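Just so it is clear, the model here is predicted, and its values are computed rather than measured.
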Amino acid sequence: MVARSMTDPEELPAAGPPLPRILGNTGALVAAAPEATGALWRLAEPGRQLDANLVRVPPRGTIDAHAEPDLDVLLLVVSGDGTLGSAAGPHPVEPGTLVWLPHGSVRGVTAGAGGLSYVTVHRRRPGMQIQDRPPT
């Protein structure tokens with residue numbers, strides 16, 4: 001499924017200082033597409049300093065162990081249950097579980113029988129920049 005923004009472009013404020021706004025409801029997004037997996041939503045507002053995603057893992061599905069070398073990540077479970085695997089062992093997770101994943105830490109996720117949905121938040125990665133090739 002293609003991730004979508006919860007913000008309607010018509011709702012964006014005109015010029016001036018940025019304003020807080022409600023982006024949507026994670027429960028409604030999860031319920032709207034019960035069979036969808038992967039990124040159900042991505043933060044896409046212009047000028048942001050953060051990236052965020054709503055991710056759904058299917059029942060008994062896994063996200064293989066991996067490490068994020070550069071960014072700390074917060075993970076908030078919003079529905080379902082499962083297990084967070086780490087070097088310290090498996091940790092059960094359920095709605096409301098808030099996890100800090102420090103950069104460099106190895107982690108994996110296994111969803112329970114009903115699947116698992118969670119939000120991740122981390123500093124936005126800078127965009128790739130094209131540079132001139134150094135003279136040879």
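Contact detail for Leu116 and Gly80: the closest heavy-atom pair is CD1-C, 4.1 Å. Nearest heavy-atom pair across Ala67 and Gly104 is CB-O, 3.9 Å. Closest heavy-atom contact between Ala113 and Pro59: O-CB, 3.1 Å.
Linking ILVMFWY residues whenever their side-chain heavy atoms come closer than 4.5 Å, directly or via other members, places Trp41 and Leu50 in the same cluster. In terms of hydrophobic clustering, with Ile, Leu, Val, Met, Phe, Trp and Tyr side chains grouped at heavy-atom distances under 4.5 Å, Val77 and Val121 are assigned to different clusters. Each of Leu74 and Val93 belongs to its own hydrophobic cluster when Ile, Leu, Val, Met, Phe, Trp and Tyr are linked at side-chain heavy-atom distances under 4.5 angstrom. When the side chains of ILVMFWY residues are joined at heavy-atom separations under 4.5 Å, either directly or via intervening members, Val99 and Val119 end up in two distinct hydrophobic clusters.
Put simply, OG on Ser79 and CG on Leu54 are 8.0 Å apart, with the number rounded to the nearest 0.5 Å.
Not one N or O on the side chain of Arg56 forms a donor-acceptor pair closer than 3.5 Å with the backbone of Leu40.
A search for side chain to side chain contact (heavy atoms under 4.5 Å, CB included) contacts involving Thr120 returns Asn53, Val73, Leu75, Tyr118, not counting sequence neighbours. Considering only residues two or more places apart in sequence or on other chains, His66 meets the side chain to side chain contact (heavy atoms under 4.5 Å, CB included) condition with Ile63, Arg107. In this view, Leu71 and Glu68, His122, Arg123, Arg125 satisfy the side chain to side chain contact (heavy atoms under 4.5 Å, CB included) rule, not counting sequence neighbours. Taking the salt bridge (charged side-chain N to carboxylate O under 4.0 Å, His left out) definition, one finds that Arg60 meets it with nothing, sequence neighbours left out.
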Pairs under 3.5 angstrom only: tabulate donor-acceptor contacts from the side chains of residues 81-88 to other protein residues two or more places apart or in another chain.
unit_1	atom_1	unit_2	atom_2	d
Ser86	OG	Ala88	N	3.2
Ser86	OG	Gly89	O	3.3
Ser86	OG	His91	NE2	3.4

TODO: Quick one: do Leu43 and Asp51 satisfy side-chain contact (heavy atoms from CB on, under 4.5 Å)? Show the steps, please.
DONE: CA-CA 6 Å; Leu43 184 63; Asp51 276 332; 5.5 Å; no

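Pairs of residues two or more places apart, or lying in two chains, that qualify as side-chain hydrogen bond (donor to acceptor under 3.5 Å, both in side chains) and include a residue from residues 94-103 are Asp72-Trp100, Asp72-His103.
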